[in-house]
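The structure under discussion appears below in the form of C-alpha cells.
Here the structure is a predicted model, which means the values were calculated and not measured. Read the numbers this way: they start at 1 and go in the same order the structure lists the ligands and their atoms. Each residue takes its place number in the sequence, starting with 1.
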Amino acid sequence: MELNTGVIRGDFPILTQKVFGNPLVYLDNAATTQKPLSVIRKIEEVYSTINANIHRGVHHLSQLATESHENARKTVQRYINAASSNEIIFTSGATESINLVAYSFCRSQCKPGDEIIITTMEHHANIVPWQIQRDISGVEIRVVPLRENGEIRLEDVEELISSKTRLIAVTHVSNVLGTVNPVADITRLGHNYNIPVLIDAAQSVQHLPIDVRAMDCDFLAFSSHKMYGPTGVGVLYGTESLLEKMPPYRAGGEMIAHVTFEKTIFNELPFKFEAGTPDYVGSTALGEAIRYIENLGLDKIRRYEEHLLRYATDRLMQIDDMQIIGTSQQKSSVISFLVRGIHPYDMGLLLDQMGIAVRTGHHCAQPLMDALGVEGTLRASFAFYNTEEEIDVLVEGIKKVVKMF
Ligand code: C6P
C-alpha cells in the first residue's frame with residue numbers, strides 16, 4: 001500500500017486554509033513542516049494532564065512528566081538506532097546542537113591551528129559556530145569545494161585531511177541543492193584517519209532512514225520542527241565515548257550532581273548537556289511526530305517524495321528560461337530554481353498572492369550562493385502531504401508570472 005495523501009492531508013488542519021482567496025499550496029517544507037493533529041493534541045494533552053517540572057519533584061505529576069520526556073528520548077534513540085539513550089541530548093534545534101559540539105568539542109579536543117573540515121554547501125548553522133571557535137579556540141576551517149552538479153567528492157574531502165584535522169562536519173542533505181551527501185563514506189574516510197564526523201541531519205531525518213550505527217557517525221544534529229514536530233526542540237546525538245570527554249556547554253540546574261560555592265560536580269549523560277528546565281512538552285510532542293512518521297513508513301515516504309521530485313523537475317523543466325540549481329544524482333525533495341530575467345523575490349511575492357508558499361533568498365547559505373554565483377534562488381520543498389496537483393498549481397503560477405514580465 002502506498003501513501004494515501006487524501007487521508008494524510010486530513011491530519012494536517014492548516015492545509016485546508018485559503019491564502020488571498022486561493023487554497024494554500026505549502027511548498028516550504030525545508031524551512032518547517034506543518035504539524036499533524038496528533039502532535040498538536042499531544043501538546044494540549046501534556047499541558048492539560050501531566051504538566052510539572054521534570055527530574056525535580058517526587059510528586060505524581062512530576063513523575064509522569066519526567067517519564068514522558070524520558071520516553072521521548074527513547075523514541076528518538078530508536079528512530080536513529082542509537083546504542084543508548086544517554087547519547088540523545090535534547091537541545092533547542094539543529095543550530096544549538098551544532099553550537100554545542102563546536103563549543104564543547106573545540107574547547108576540550110582542539111588546540112590552536114587544528115582544523116575543522118566543512119563543505120561549501122553548509123547552512124550557516126554549520127559554518128558560523130566554527131568561525132566563532134576560530135576566534136575562541138584558534139581552530140582553522142577548511143572547505144570542501146562544490147562540483148558542477150552540486151555534489152561533493154570524497155577525494156576532495158580526503159585532499160583536505162591533514163595531521164591537524166580534528167573533525168569533519170558535513171550536511172547530510174543540502175537545504176538548497178537537495179544533494180544527498182555520501183555520509184557513510186565520509187565517516188569511513190574520517191575514521192580511517194581517526195577523525196570524528198558530525199552530520200547535520202536537519203534536512204534528512206524527515207526523508208531518509210537514519211541509522212547512526214550503520215552510518216557510524218560521531219555526532220548527528222537535527223530539529224523537531226522540520227520533522228512534523230514542534231518548534232523549539234532538537235536533538236544532538238553523540239557517541240557516549242566522545243560526549244564523556246566533552247565539558248558542559250551551558251551551566252545551571254539539571255546538569256549538576258552536586259554544587260558548593262567552591263566547586264560543582266557535573267551530572268552524568270545526557271543531563272550534563274541539558275542545563276535548565278528542558279522543553280518536556282516539546283520533546284513529548286516530538287516523540288508523537290516520530291510515531292506519525294513511523295506509522296506512514298519512511299520507505300513509503302521516500303518513494304512518494306522521490307516521485308514528487310521527479311514529477312516537479314519534469315514539469316518545471318518545461319518552462320522556458322527555467323534553471324534548476326542542484327542536479328546531483330542523489331537528491332532529496334528540494335528544488336532550487338531561477339527563471340531568467342525575474343528576480344526570485346518578485347517571483348516569490350507573486351506566487352504568494354496565488355496562495356503558493358515557496359522560499360526565496362539565500363536560504364542561510366550565503367557562501368554557497370557565492371560559489372554558485374547567484375544572489376538567491378526560489379526553492380520549492382516537498383513533504384509527503386504534497387500532491388501532483390499542487391505542483392501543477394506551482395507550474396501554472398510560475399507561467400503566469402513569466403507572462404506578466
Ligand atoms: N534550514 C531552511 O529554510 P534550525 O533553524 O536550528 O531548526 O535548523 C538550522 C539548519 C541547519 N542545517 C540545515 C541543513 C538547515 O537546512 C537548517 C535550517 C531552514 O533551509 C531555515 S534557514
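Salt bridge present: D114 and R166 bring a charged side-chain N and a carboxylate O closer than 4.0 Å.
Side-chain polar atoms of S174 and T179 form no donor-acceptor pair below 3.5 angstrom. A donor and an acceptor atom, one from each side chain of E44 and S48, are nowhere located under 3.5 Å apart.
Using a 4.5 Å heavy-atom cutoff, the side chains of H172 and Q203 are not in contact.
Protein residues having at least one heavy atom under 4.0 Å from any atom of ligand 1 are A30, A31, A94, T95, H123, A125, T171, N175, D200, A202, Q203, S223, H225, K226, R359, C364, R379, listed by chain and number.
Legend: ring pair (Phe, Tyr, Trp, His ring centres under 6.0 Å) pairs involving residues 296-338, not counting sequence neighbours: none detected.
Taking the centre of each ring, Y228 and F384 come in below the 6.0 Å mark.
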